[in-house]
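Numbering of residues begins at 1 and proceeds along the displayed sequence. All values reported here derive from a predicted model rather than from experimental measurement.
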Amino acid sequence: QLQMVESGGGLVQPGGSLRLSCAASGNIFRLNAVGWYRQAPGKERELVARVSTDGISRNYLDSVKGRFTISRDNAKNTAYLQMNSLKPEDTAVYYCNYPDDFLYRAGYWGQGTQVTVSS
């Protein structure tokens, strides 16, 4: 598949945890940094977390620091987003993409996976 495939979302109570997965083509995946994005109803898509090609450098949106962890396994062509201490404001559709690739950001967004945090 050309597009990345997100999975692992669901309905969870505040304070709960989810682990999202992003499967991609190995030839493309291992050459690019990976980002997790989210889009809440009525809001623009925002970058939540980013991980470098080797998995060493990680960056996060301020509102998720200390709660979310981005990682990648290049051997499995997969990126992950571990989300702990979830809050209602984390509710959104979560996507993965290559933040440094203009073509993918413009036209190759996948279906995303829905995360809903509610009591």
Side-chain angles (χ1 to χ4, degrees):
Q1 298 185 52
L2 182 61
Q3 296 168 318
M4 303 171 91
V5 180
E6 303 92 346
S7 62
L11 175 63
V12 65
Q13 294 184 332
S17 298
L18 286 172
R19 188 195 191 206
L20 308 184
S21 297
C22 170
S25 167
N27 289 336
I28 300 172
F29 182 85
R30 64 176 179 267
L31 297 175
N32 286 275
V34 172
W36 278 99
Y37 300 76
R38 69 185 180 189
Q39 187 167 30
K43 299 184 65 178
E44 294 185 355
R45 184 183 290 120
E46 63 181 351
L47 180 63
V48 175
R50 176 193 179 110
V51 61
S52 61
T53 55
D54 57 10
I56 296 175
S57 181
R58 302 173 183 181
N59 299 283
Y60 301 93
L61 189 68
D62 284 345
S63 62
V64 309
K65 287 182 178 178
R67 300 189 298 117
F68 291 10
T69 302
I70 187 171
S71 61
R72 66 190 295 161
D73 186 338
N74 287 344
K76 296 182 178 180
N77 308 316
T78 303
Y80 306 94
L81 185 67
Q82 178 66 47
M83 305 186 294
N84 300 323
S85 302
L86 283 163
K87 304 175 180 180
E89 51 263 44
D90 295 319
T91 296
V93 178
Y94 284 72
Y95 305 86
C96 56
N97 211 307
Y98 303 115
D100 299 328
D101 191 307
F102 290 100
L103 180 61
Y104 266 83
R105 297 206 311 274
Y108 293 96
W109 294 94
Q111 179 181 347
T113 185
Q114 176 70 50
V115 172
T116 302
V117 185
S118 179
S119 298

Could you go through the side chain to side chain contact (heavy atoms under 4.5 Å, CB included) check for Cys22 and Arg72 one step at a time? CA-CA 9 Å; Cys22 170; Arg72 66 190 295 161; over 6 Å; no
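- Counting all heavy atoms, side chain and backbone alike, Ala49 lies closest to Leu81 at CB-CD1, 4.1 Å.
- Using a distance-only test at 3.5 Å, with no hydrogens or angles considered, no donor-acceptor pair links the side chain of Arg30 to the main chain of Asn74.
- No donor-acceptor contact under 3.5 angstrom links the side chains of Asn27 and Ser25, judged on distance only.
- Formation of a donor-acceptor pair under 3.5 Å by the Asn97 side chain with backbone atoms of Pro99 is not found in this model.
- A side-chain donor-acceptor contact under 3.5 Å links Thr91 to the backbone of Val117.
- In this structure, Ile56 shares a hydrophobic cluster with no other residue, the cluster being traced through Ile, Leu, Val, Met, Phe, Trp and Tyr side chains under 4.5 angstrom apart.
- Between Asp100 and Arg50, some side-chain heavy-atom pair lies under the 4.5 Å cut-off.
- Closest non-hydrogen pair, Phe29 versus Ala24, comes out as CD1-CB, 3.7 Å.
- Distance NZ/Lys87 to OG/Ser63: 7.5 Å, rounded to 0.5 Å.
- Pairing each heavy atom of Glu6 with each of Gly112, the nearest pair is OE1-N, 3.0 Å.
- Linking ILVMFWY side-chain heavy atoms closer than 4.5 Å, directly or via other members, places Met4 and Leu47 in two distinct hydrophobic clusters.
- Between Val51 and Tyr60, the closest side-chain pair of non-hydrogen atoms is not below 4.5 Å.
- With contacts defined as side-chain heavy-atom distances shorter than 4.5 Å, the pair Met83/Leu20 qualifies.
- Counting all heavy atoms, side chain and backbone alike, Asp54 lies closest to Ser57 at OD1-N, 4.2 Å.
- Looking at heavy atoms from C-beta onward, Gln114 lies out of side-chain contact with Leu11 at the 4.5 angstrom threshold.
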Considering only distance and modelled atom types, tabulate donor-acceptor pairs under 3.5 Å from the side chains of residues 31-39, sequence neighbours left out.
from, atom 1, to, atom 2, distance (Å)
Asn32, ND2, Ile28, O, 2.9
Trp36, NE1, Tyr80, O, 3.2
Arg38, NE, Glu46, OE2, 2.9
Arg38, NH1, Asp90, OD1, 3.0
Arg38, NH1, Tyr94, OH, 3.0
Arg38, NH2, Glu46, OE2, 3.4
Gln39, NE2, Lys43, O, 3.2

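- If you chain together hydrophobic residues whose side chains sit under 4.5 Å apart, Phe68 and Val93 never meet in one group.
- Placement of Val64 and Leu18 within a single hydrophobic cluster is found when ILVMFWY residues are connected by side-chain heavy-atom separations under 4.5 Å, directly or transitively.
- Considering all non-hydrogen atoms of both residues, Ser17 and Ser85 come closest at OG-N, 4.3 Å.
- Under the 4.5 Å side-chain heavy-atom criterion for grouping Ile, Leu, Val, Met, Phe, Trp and Tyr, Tyr104 is not connected to Trp109 through any hydrophobic cluster.
- Other residues, nucleotides and ligands contribute only 12 or fewer heavy atoms inside 6.0 Å of the CD atom of Gln13.
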